[in-house]
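Structure, as structure tokens:
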2 protein chains.
Amino acid sequence: MRQGTKHKIMDSAERLFAERGFSDTSLRLITSHAEVNLASVNYHFGSKKELIQAVLMRYLEAFMPQLDRAMQAHLDSEQAPSLDDIFNAFVEPLLSMNEQRKHGTSLFLLLLGRGYTDSQGHLRKFITHHFGEVLDRFQAAVRRAYPQLTEAEMFWRLHFTLGTVVFTMASSAALRDIANADFNEQVNVETLIRKVIPYLAAGVGAPIQQQ
Amino acid sequence: MRQGTKHKIMDSAERLFAERGFSDTSLRLITSHAEVNLASVNYHFGSKKELIQAVLMRYLEAFMPQLDRAMQAHLDSEQAPSLDDIFNAFVEPLLSMNEQRKHGTSLFLLLLGRGYTDSQGHLRKFITHHFGEVLDRFQAAVRRAYPQLTEAEMFWRLHFTLGTVVFTMASSAALRDIANADFNEQVNVETLIRKVIPYLAAGVGAPIQQQ
DNA sequence: GTCTATAGTCGGATAGAC
DNA sequence: GTCTATCCGACTATAGAC
């Protein structure tokens with residue numbers, strides 16, 4: 001089955017963006033990997049910036065509705081969810097990115113991390129603008145699990161959590177190599193996600209400090 | 001008091017590197033901010049790569065010996081330290097970066113984060129090569145606080161921790177603006193560090209999962 | 001040690017033929 | 001939609017005068 005030029009560009013671009021960051025990935029590199037003509041990027045996407053957004057959007061549009069359904073369920077349930085429940089609700093939507101595309105889960109998280117640290121946070125605004133309500137419902141679910149947490153404290157702890165995840169993924173290839181060499185541990189994305197969840201849940205659920 | 005060209009370059013470079021990342025910061029931008037000649041970078045540092053290493057090294061050489069003393073104390077003490085003790089030992093060395101230079105603490109952590117995500121991990125090797133023993137003693141202190149944790153599990157949790165900290169700092173300016181606007185909270189670097197420590201200690205100290 | 005001037009490379013983008 | 005050929009700006013690095 002022949003793949004269209006537009007999709008070939010996006011598939012090569014996402015891999016290279018994840019590996020090298022946005023500004024270290026040139027259009028020439030992308031088009032040579034995709035085996036398409038340089039000018040086709042501008043024909044199909046208009047500019048490099050719009051290509052970046054298209055690549056990220058393809059994942060977000062698949063991921064966010066799944067996450068939203070899971071959070072909605074935690075808000076509607078009779079019993080208040082635990083923090084472990086809430087963070088475990090991320091596992092399936094994240095892993096489903098792997099069915100959509102090879103290495104989809106890590107690519108998605110890597111791109112997310114790049115988006116939050118590269119390019120002065122332009123992509124941060126892009127995400128919160130398009131998916132703000134989903135993030136709000138996530139926050140509401142956490143509140144239900146740990147009502148004593150003030151809104152401000154929750155704000156900080158959820159950003160700590162985001163940092164943990166995206167940084168881990170950004171370094172995951174290197175870290176998995178080290179783990180393999182030093183501990184003879186074969187770690188795939190799924191076990192890594194299952195490793196990080198208790199850490200996150202414990203962090204968000206840490207006792208409240210007096211300031 | 002007149003500042004030498006070499007130091008003017010490093011001071012401008014560290015601020016711009018932290019704000020924009022290494023590859024999005026050109027030597028032209030650095031030298032124009034520093035109000036020195038473009039060619040002086042190559043005269044004093046040889047290349048852009050060596051400038052990056054010099055900037056990071058200046059912080060690491062001030063930070064690492066302090067951290068090492070604190071970890072040594074935790075290893076020598078009669079009583080085993082708690083995880084909270086260990087992570088609190090980072091506070092003073094980190095804050096002392098602020099005395100050395102204005103905004104030194106956040107700049108240092110920002111640079112560290114850039115070094116771990118930019119440039120395919122070259123800087124990661126640079127750091128572990130020069131300061132591997134300090135990191136080993138840190139690891140030994142954590143082991144003393146939580147002996148049940150396997151070496152492999154500790155490896156992962158400490159990297160989660162690094163991710164939490166560097167990502168938080170990488171976004172700290174934006175996050176502090178939001179917190180100020182939404183919760184009327186004035187957060188400086190010190191309160192942010194003191195906020196993150198319970199999160200980290202709880203995460204590293206999370207119950208051990210059966211795989 | 002500092003400057004100007006420039007070599008040499010690589011980047012994004014586009015015009016215009018097919 | 002796809003291609004070649006280029007434009008033009010920005011970059012690192014260096015040679016050589018002062």
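Quick note on labels: first sequence line is chain A, next is B, and so on, each numbered from 1.
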Looking only at the side chain of [X] (C-beta and beyond, no hydrogens), which of the listed nucleotides [options] gets closest?
X	options	answer
B/Asn37	C/dG12, C/dT4, D/dG1	C/dT4
B/His44	C/dA13, D/dG1, C/dT2	C/dT2
A/Arg28	C/dT2, C/dT14, D/dT6	D/dT6
B/Asn42	C/dT4, D/dA13, C/dA13	D/dA13
B/Ser47	C/dT14, D/dA13, C/dG12	D/dA13

I want to check one thing: is the phosphate of C/dG11, taken as OP1 and OP2, less than 4.0 Å away from some side-chain N or O of A/Ser26?
yes
**Message:** Does a side-chain N or O of B/Thr5 approach OP1 or OP2 of C/dT2 to a distance below 4.0 Å, or not?
**Reply:** yes
- prompt: How are the rings of A/Phe90 and A/Phe138 set to each other: parallel, tilted or perpendicular (split at 30° and 60°)?
  reply: perpendicular
Exercise. Indicate the ring-plane relationship of B/Phe17 and B/Phe22, choosing parallel, tilted or perpendicular according to the 30° and 60° boundaries.
Key: perpendicular
(message) Between B/Glu185 and B/Lys195, does any NZ, NE, NH1 or NH2 come within less than 4.0 Å of an OD or OE carboxylate oxygen?
(response) yes
### Query
Is a salt bridge present between A/Arg137 and A/Glu133, judged by a nitrogen-to-oxygen distance below 4.0 Å?
no
From [atom1] of [X] over to [atom2] of [N], roughly how many Å is that when rounded to an integer?
X	N	atom1	atom2	result
B/Ile9	D/dA13	CD1	P	13 Å
B/Ile52	D/dC11	CD1	C1'	14 Å
B/Lys48	D/dT14	NZ	C1'	17 Å
B/Leu27	D/dA10	CG	C1'	12 Å
A/Leu16	C/dG11	CG	P	12 Å
A/Leu29	C/dT9	CG	P	19 Å
B/Ile30	D/dC11	CD1	P	11 Å
A/Phe45	C/dG12	CZ	P	15 Å

Per nearest nucleotide of DNA chain D, the residue lying toward the 5' end, A/Tyr43 or A/Leu38, is A/Tyr43
Can a cation-pi geometry be assigned to B/Lys6 and B/Tyr43, taking NZ or CZ under 6.0 Å from the six-membered ring centre and within 45° of the ring axis?
no
